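Atoms considered below: every heavy atom in the structure, side chains included; atoms not considered: hydrogens, waters and symmetry mates. Owing to the predicted nature of the structure, the values given are computational and were not obtained by experimental measurement.
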Amino acid sequence: MSNFEERKANLKEIRNKFLKFHKILLDWERARYEKEFGVVTSGKFLELLLGDPRFAWLRSISMLIVRIDETFDLSDGFSNEMLNGFFEEIGNLFDTTEEYQEFKEKLALALPENPESKALKSEIEELISE
C-alpha cells in the first residue's frame with residue numbers, strides 16, 4: 001500500500017473516530033445546557049446545535065466530518081493536496097496555535113469530564129502523525 005493510500009485509510013479511520021468524539025462532546029454540551037436551562041426536546045436541541053453560539057465550537061467537527069465524507073464521495077477521488085489539507089486542519093484543532101481557539105477552550109473543559117473523549121483525541125492525534 002502506498003503512503004497516499006495509507007494516509008487515506010488513516011483519514012477514514014480519523015473520520016470514524018471523530019463521529020464518536022463529536023457525539024461525546026455533543027452529549028456533554030447538551031447536559032451542561034440542560035442543567036442551566038432545563039431539558040429540551042430533540043427538535044429544540046437540533047435548532048440550538050445549528051444556530052446557538054454556545055454550540056458553535058462543535059460545528060468545527062461537524063463541518064469537517066461532512067467535508068471528509070464529501071471528499072470520499074468524489075467520483076474522481078481526491079488529491080494528495082486535499083489529503084494534506086485535512087491532516088493539517090485536524091492537527092490545528094489540537095495544537096497550541098490561535099486557530100480554533102474557542103474549540104480548544106471548550107475541549108479543555110470537556111476532556112477531564114470525558115475519559116473516552118480524551119482517549120479518542122489521543123488516537124486521532126496518533127493517526128495524523130503517522
Side-chain angles (χ1 to χ4, degrees):
M1 185 183 299
S2 71
N3 186 40
F4 176 78
E5 291 300 321
E6 286 175 30
R7 293 183 75 223
K8 193 173 164 183
N10 282 354
L11 182 61
K12 188 66 137 179
E13 190 173 344
I14 288 167
R15 178 252 182 229
N16 293 337
K17 289 183 184 300
F18 259 131
L19 279 176
K20 293 177 191 168
F21 189 64
H22 184 261
K23 173 78 168 104
I24 292 165
L25 296 175
L26 193 66
D27 290 345
W28 175 79
E29 189 66 83
R30 182 178 187 164
R32 287 178 28 149
Y33 182 90
E34 289 182 340
K35 187 176 181 182
E36 189 174 340
F37 299 104
V39 177
V40 295
T41 65
S42 295
K44 177 65 176 169
F45 181 64
L46 181 58
E47 284 179 37
L48 292 168
L49 183 59
L50 295 174
D52 191 295
R54 180 178 183 140
F55 295 91
W57 71 283
L58 290 166
R59 291 192 281 274
S60 303
I61 298 175
S62 308
M63 293 175 8
L64 178 60
I65 292 168
V66 168
R67 288 195 344 269
I68 291 170
D69 286 347
E70 288 173 345
T71 302
F72 272 102
D73 288 342
L74 290 174
S75 60
D76 58 347
F78 55 92
S79 67
N80 197 42
E81 291 76 25
M82 294 167 90
L83 190 60
N84 290 338
F86 281 125
F87 276 82
E88 182 179 337
E89 183 174 354
I90 293 163
N92 290 343
L93 283 169
F94 301 126
D95 66 15
T96 58
T97 62
E98 298 282 325
E99 196 168 3
Y100 298 107
Q101 196 59 42
E102 182 184 12
F103 174 82
K104 293 171 187 175
E105 289 169 7
K106 293 281 183 137
L107 189 61
L109 295 173
L111 289 178
E113 297 179 24
N114 298 283
E116 188 180 2
S117 67
K118 193 173 189 176
L120 283 166
K121 177 184 177 281
S122 295
E123 291 171 20
I124 292 166
E125 288 176 314
E126 187 175 317
L127 285 166
I128 61 172
S129 66
E130 290 182 358

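The hydrophobic clustering, which links ILVMFWY residues whose side-chain heavy atoms are closer than 4.5 Å, places Leu58 and Met63 apart. Phe18 and Val66 are members of different hydrophobic clusters when ILVMFWY side chains are connected at heavy-atom separations under 4.5 Å. Placement of Ile61 and Leu109 within a single hydrophobic cluster is found when ILVMFWY residues are connected by side-chain heavy-atom separations under 4.5 Å, directly or transitively.
Ile14 has its side chain out of reach of Phe86: every pair of non-hydrogen atoms, C-beta onward, lies at least 4.5 Å apart. Between Phe72 and Phe78 the shortest side-chain heavy-atom distance falls below 4.5 Å. In this structure, Leu64 and Leu93 have side chains that are in contact, with non-hydrogen atoms separated by less than 4.5 Å. Using a 4.5 Å heavy-atom cutoff, the side chains of Asp95 and Lys104 are in contact.
Closest approach of Leu107 to Phe21, counting heavy atoms only: CD1-CZ, 3.6 Å. Heavy atoms only, all atoms of each residue included: Leu111 and Ser117 are closest at CD2-OG, 3.4 Å. Of all the heavy atoms in Lys8 and Leu83, the pair that sits closest is N-CD2, 3.9 Å. Nearest heavy-atom pair across Ser42 and Arg30 is N-NH2, 4.0 Å. Residue Arg7 comes nearest to Asn80 through the heavy atom pair NH1-OD1, 4.1 Å, listed as atom of the first residue, atom of the second, then distance. Between Trp28 and Asn114, the shortest heavy-atom distance links the atoms CD1-ND2, 3.3 Å.
Ring-plane geometry between Phe37 and Tyr33 is classed as tilted, the angle between the planes lying from 30 to 60 degrees on a 0 to 90 degree scale.
A distance of 4.5 Å separates CG of Leu50 from CG of Leu46, quoted to the nearest 0.5 Å. Atoms CG and OG, on Leu19 and Ser62 in that order, are 9.5 Å from each other to the nearest 0.5 Å. Atom CD in Glu5 sits 10.0 Å away from atom CG in Asn3 (nearest 0.5 Å). Of the inter-residue distances, the one linking Phe87 atom CZ with Ser129 atom OG reads 9.5 Å to the nearest 0.5 angstrom.
For Glu113, the CD atom sits in a packed shell: over 12 heavy atoms of surrounding residues, nucleotides or ligands are nearer than 6.0 Å. Atom CD of Glu34 has more than 12 heavy atoms from other residues, nucleotides or ligands within 6.0 Å.
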For a side-chain contact (heavy atoms from CB on, under 4.5 Å) check, start with the C-alpha distance between Glu98 and Gln101, then their side-chain angles and the critical distance, and finish with the verdict.
CA-CA 5 Å; Glu98 298 282 325; Gln101 196 59 42; 4.2 Å; yes
Between Glu70 and Asp73, does a side-chain contact (heavy atoms from CB on, under 4.5 Å) hold up when you go through it step by step?
CA-CA 5 Å; Glu70 288 173 345; Asp73 288 342; 5.6 Å; no
Lys106/Arg32 under side-chain contact (heavy atoms from CB on, under 4.5 Å): CA gap, chis, key distance, verdict
CA-CA 12 Å; Lys106 293 281 183 137; Arg32 287 178 28 149; 4.3 Å; yes
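Arg54 meets the salt bridge (Lys or Arg N to Asp or Glu O under 4.0 Å) test with Glu29, Glu36; sequence neighbours excluded.
A donor-acceptor pair under 3.5 Å is formed between the side chain of Arg59 and the backbone N or O of Leu49.
Residue Leu11 is tested with Asn16, Leu127, Thr71, Ile90 for a side chain to side chain contact (heavy atoms under 4.5 Å, CB included); the sole match is Ile90.
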